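Atom set for the values below is all heavy atoms of this structure, side chains included, hydrogens, waters and symmetry mates excluded. Starting from 1, each residue takes its place in the sequence as its number. Source: prediction; values computed, not measured.
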Amino acid sequence: RASAASDVYKRQVHGSAPKHAGLNDANPTALILSAVLMLRHLGESAAADRVETAVLALLAEGKSVTHDLGGNLGTSEFADAVIAKMSCKA
């Protein structure tokens with residue numbers, strides 16, 4: 001789902017979503033990719049690349065994605081999938 005990956009990558013992180021608080025149903029992709037930008041700003045390019053590569057790979061595969069992208073993962077499960085993907089050897 002490369003188009004989904006491109007769409008999510010371009011979304012802005014803004015505002016709050018109190019109706020989603022504690023429900024584990026928000027898509028954390030924009031927040032995670034904002035952290036990638038922070039890591040790059042801090043000079044941690046290797047770490048930023050690992051996180052970004054993991055997120056984009058998951059989105060491209062289209063299997064381990066959140067509900068809004070047609071998957072069945074919640075917020076924490078998607079974060080766990082990113083961590084697992086980062087742990088995989090290419």
Minimal non-hydrogen separation, [X] against [Y], with atom names:
X     : Y     : result
Thr29 : Phe78 : OG1-CE2, 3.5 Å
Leu58 : Val65 : O-CG1, 3.8 Å
Thr66 : Pro28 : CG2-CD, 4.0 Å

Problem set entry | Contacts of Glu44 that satisfy side chain to side chain donor-acceptor pair (under 3.5 Å) - sequence neighbours left out |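 Per chain and number, Glu44 pairs via side chain to side chain donor-acceptor pair (under 3.5 Å) with no residue.
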Exercise. Can you list the other members of the hydrophobic cluster that holds Leu42, where links are side-chain heavy atoms under 4.5 angstrom apart?
Worked result: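 Same cluster as Leu42: Met38.
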For this session: Using side-chain contact (heavy atoms from CB on, under 4.5 Å) as the criterion, point out the one residue from Leu37, Ile32, Val36 that pairs with Glu52.
Result: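 Answer after filtering Leu37, Ile32, Val36: Val36.
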For this session: May I ask you to decide if Ala81's main-chain N or O and Ser64's side chain share a donor-acceptor pair within less than 3.5 Å?
Result: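 Answer holds: no.
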Problem set entry | pair Lys85-Arg50: side-chain heavy atoms closer than 4.5 Å |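 No, their side chains stay 4.5 Å or more apart.
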For this session: May I ask you to test the Leu73-His67 pair for a side-chain heavy-atom distance under 4.5 Å?
Result: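 Not touching, per the 4.5 Å side-chain cut-off.
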Problem set entry | Inter-residue atom distance Cys88.SG - Ile83.CD1, 0.5 Å rounding |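 Between atom SG of Cys88 and atom CD1 of Ile83 there are 12.0 Å.
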Problem set entry | For Asp49, salt bridge (Lys or Arg N to Asp or Glu O under 4.0 Å) partners two or more places apart |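 If we apply the salt bridge (Lys or Arg N to Asp or Glu O under 4.0 Å) test to Asp49, skipping adjacent residues, the hits are Arg40.
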